[in-house]
There are 4 protein chains.
Amino acid sequence: MTRKPKQIRSQNTVETIVQGAFIALAKHGAEGATTRQIAEYAGVGVGSIYEYFENKEAIFSAMGERFSKELVGVIQGATTNVVRLSLRDAVYELIAQTAEFLKKDDELYLRCARESALMEKHVPFGPIYRALADLFIQHAIKHPEILRLNNLQTMTYIFINSGIATMIRYLNHPNPGFTFDDLARGLADMAGHYVERELGSM
Amino acid sequence: MTRKPKQIRSQNTVETIVQGAFIALAKHGAEGATTRQIAEYAGVGVGSIYEYFENKEAIFSAMGERFSKELVGVIQGATTNVVRLSLRDAVYELIAQTAEFLKKDDELYLRCARESALMEKHVPFGPIYRALADLFIQHAIKHPEILRLNNLQTMTYIFINSGIATMIRYLNHPNPGFTFDDLARGLADMAGHYVERELGSM
Amino acid sequence: MTRKPKQIRSQNTVETIVQGAFIALAKHGAEGATTRQIAEYAGVGVGSIYEYFENKEAIFSAMGERFSKELVGVIQGATTNVVRLSLRDAVYELIAQTAEFLKKDDELYLRCARESALMEKHVPFGPIYRALADLFIQHAIKHPEILRLNNLQTMTYIFINSGIATMIRYLNHPNPGFTFDDLARGLADMAGHYVERELGSM
Amino acid sequence: MTRKPKQIRSQNTVETIVQGAFIALAKHGAEGATTRQIAEYAGVGVGSIYEYFENKEAIFSAMGERFSKELVGVIQGATTNVVRLSLRDAVYELIAQTAEFLKKDDELYLRCARESALMEKHVPFGPIYRALADLFIQHAIKHPEILRLNNLQTMTYIFINSGIATMIRYLNHPNPGFTFDDLARGLADMAGHYVERELGSM
DNA sequence: AATGAATGAGATTTCATTCAT
DNA sequence: TATGAATGAAATCTCATTCAT
């Protein structure tokens, strides 16, 4: 078995370390995730971490980026399907897909999202917003009446943040009074009603 | 001549320490809130912290509780006024009051809210939810038509969490595309439109 | 109730503190006995300790002295009786009395003796040796043949140290193979046999 | 080319730290044996201590064990020679060897023995007693008359404890009235006379 | 004289980071 | 390249001692 070319092995090791970091974060929380643990979960030596990352902070950045990229992927993957739906159904579908994404790998990301240190400080939200904006534009192409809305930017901001925050909070501390599906439907209705009312009243 | 030194002095020192902790958290983030820093900002010796708190964690709990209590006070203080308003205006007013609360003391609380470690782990949200629920009931007494809404619990949950999360996020990273007032109005509209549409369609 | 004269009150407080220190030492060991605890067990404020003692070390010295004085008292109290007995019986009696002394007050002294920090560093053994020497002389007056022993000083040293050390060790970690009385008898026999053999062989 | 670094290096570091702890204890007493001091005398960083020991307590345990093991070694090493001697000479020889052991390395162990915290709490006396018991049995094989003694267990206990305690006490606070050799001879005579008298009187 | 809140030096312990192998 | 033993700065916490009341 010949040595794999440098790039590939490095790439793999980097990925391995980031994955170890996600596991460590999910298991022990932001404060509890030591470099030793990350190395252990990653199955590499502590020294190796510093071959690929400037410092611990850099791992968190890489985690945030991976999270962001994957979520963008989810959004883009859903686009073709979602643009065909009504706004209400589109929102519902998007939330469902995102929940799926957060819960995969034994809720790895969800458990990390709890540690908002990661979310707030290291996840680059820009690409996520842009992906959603793209989706929105493509949706608008098929449903042009929505463009008649004013304060579109503000409301997009509200919907997105509301959706993400409420979803994460519910998934982390489920409220026994209603199901996650109720919540998703509620968020979809909120967006749908708003738009209908706004457009209808014009 | 009355005997009260113990209680009073202790109470003061406890308050002083908690205030120092808020300042330390606001100034240096979660990492910077070391016991030394806290003691320094509080203007007491490190040892004094341990006269009144079991350990560092206990300070964070006390902070969370103080935050929760004060916010509940804000909500209750706003009640008389808010219940008279339309839902839309009520939401707007509540957001404005909360923003005021978060920004007082040179944005002390707002800057702390950024450190979601505090928010997620130490702020007891129960009392806040209950205060808002009380407010809601009193509002409903004056505006009984709102009771015709179904899934009231879910939508309340969504509105509250959306409101808090979006507000904090905006205040922390203001989006140059629109003002905070735009945001507050947007949230108010979202709630207002939703209710109108829901009730109107019945 | 008029204020007691200074001397008496102070004397009492000093005694109270020393007693508290013995209790603290017995309960929590040398490392665990903090000034706070000593004050607590003594029923006085921490500050009061420093009214009467230069520092913590001084309390230990006072404890050592009290221990020494009381033990000397025990020895002297036993003298009249002991001098009449044979050496063997005298040793036995002395050991019994000392054991009694160590076990009084719910084994207060015994439990403190475990912490040899106190024994080695703070108990002044001089007075104890002198008391035993006195006892020995008075015994010798009635049993003059013992004076024919040579290396009297060395053997006295050995007997005393052996006796104390073995007794304390047994009382602290009783050996299930034999009773304390067996031990006392053994020590008495050891001394008795030695003397008999030494004198008999001359 | 053999792979052993981990074991060997660790073993060395562990030994180094324990040695540093003995030096610190000997030089500065129980109070002075701080982790910092230990690390300094061992010539390692403080952090290294915690690579190999759970906590400070664990170092003391390791010290106690090393002491016990080495003393057992001394006893076993002396066995062949000692069993040939009369009881009196055997005791004398054993004391001499032990004194040698305590005084080696510039009295390292002797100065540590002063801190009875170590002796009482951390030295496992079991193995030492067993080694002495073994020695005793082998001695008895060559000198079977000694087995006619009754209360053998009690007297062994007394001799051993007396010997150790008296020796350590003398070495720590030499009594100018007689030499260590006098003491050793005295202890040997004590045992010897006792046995002779006991057997002779049968 | 008596108090105990306040203090801060210093102890133990952790953990990100380095570097010799 | 990969490793993990070694490191030491810095964190948390303790406790003898002081001093205003």
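- As a whole-Å value, the separation of D:Glu15 CD from F:dA5 P is 18 Å.
- Side-chain nitrogen and oxygen atoms of B:Ser48 include at least one within less than 4.0 Å of the OP1 or OP2 phosphate oxygen of E:dT7.
- Remark: the C:His122 side chain and the C:Glu57 side chain contain an N/O donor-acceptor pair separated by less than 3.5 Å.
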Review item, nucleotides 18-20 of chain F N/O atoms under 3.5 Å of protein N/O:
none

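- Contacts between residues 33-43 of chain A and DNA chain E, defined by a heavy-atom separation under 4.0 Å, are made by A:Thr34, A:Thr35.
- Here the side chain of D:Lys56 is nearest to one of E:dT12, F:dT3, E:dT7, namely E:dT12.
- Between the side chain of A:Ser68 and the backbone N or O of A:Val123, no donor-acceptor pair lies under 3.5 Å.
- Between the NE2 atom of D:His28 and the C1' atom of E:dG10 there is a distance of 15 Å, given to the nearest Å.
- Protein atom CG of B:Asn55 is 13 Å distant from nucleotide atom C1' of F:dA11, rounded to whole Å.
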Problem - 5'-to-3' dot-bracket of DNA chain F (Watson-Crick, G-U; under 3.5 angstrom; crossing pairs as [ ]; | other strand) - result: .||||||||||||||||||||
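- Between the CD atom of B:Glu57 and the P atom of F:dT12 there is a distance of 11 Å, given to the nearest Å.
- The cationic atom of D:Arg169 (NZ for Lys, CZ for Arg) lies less than 6.0 Å from the six-membered ring centre of C:Phe125 and within 45° of the ring axis.
- With rounding to whole Å, A:Phe60 atom CZ is found 12 Å from E:dA16 atom C1'.
- Using a distance-only test at 3.5 Å, with no hydrogens or angles considered, a donor-acceptor pair links the side chain of C:Thr16 to the main chain of C:Asn12.
- The aromatic rings of D:Phe67 and D:Tyr109 sit perpendicular, their planes meeting at an angle over 60°, well past the 30° parallel limit.
- Rounded to a whole Å, the CZ atom of C:Phe53 is 13 Å from the P atom of E:dA2.
- Between B:Ile49 and D:Glu31, the residue whose closest nucleotide on DNA chain E is further toward the 5' end is B:Ile49.
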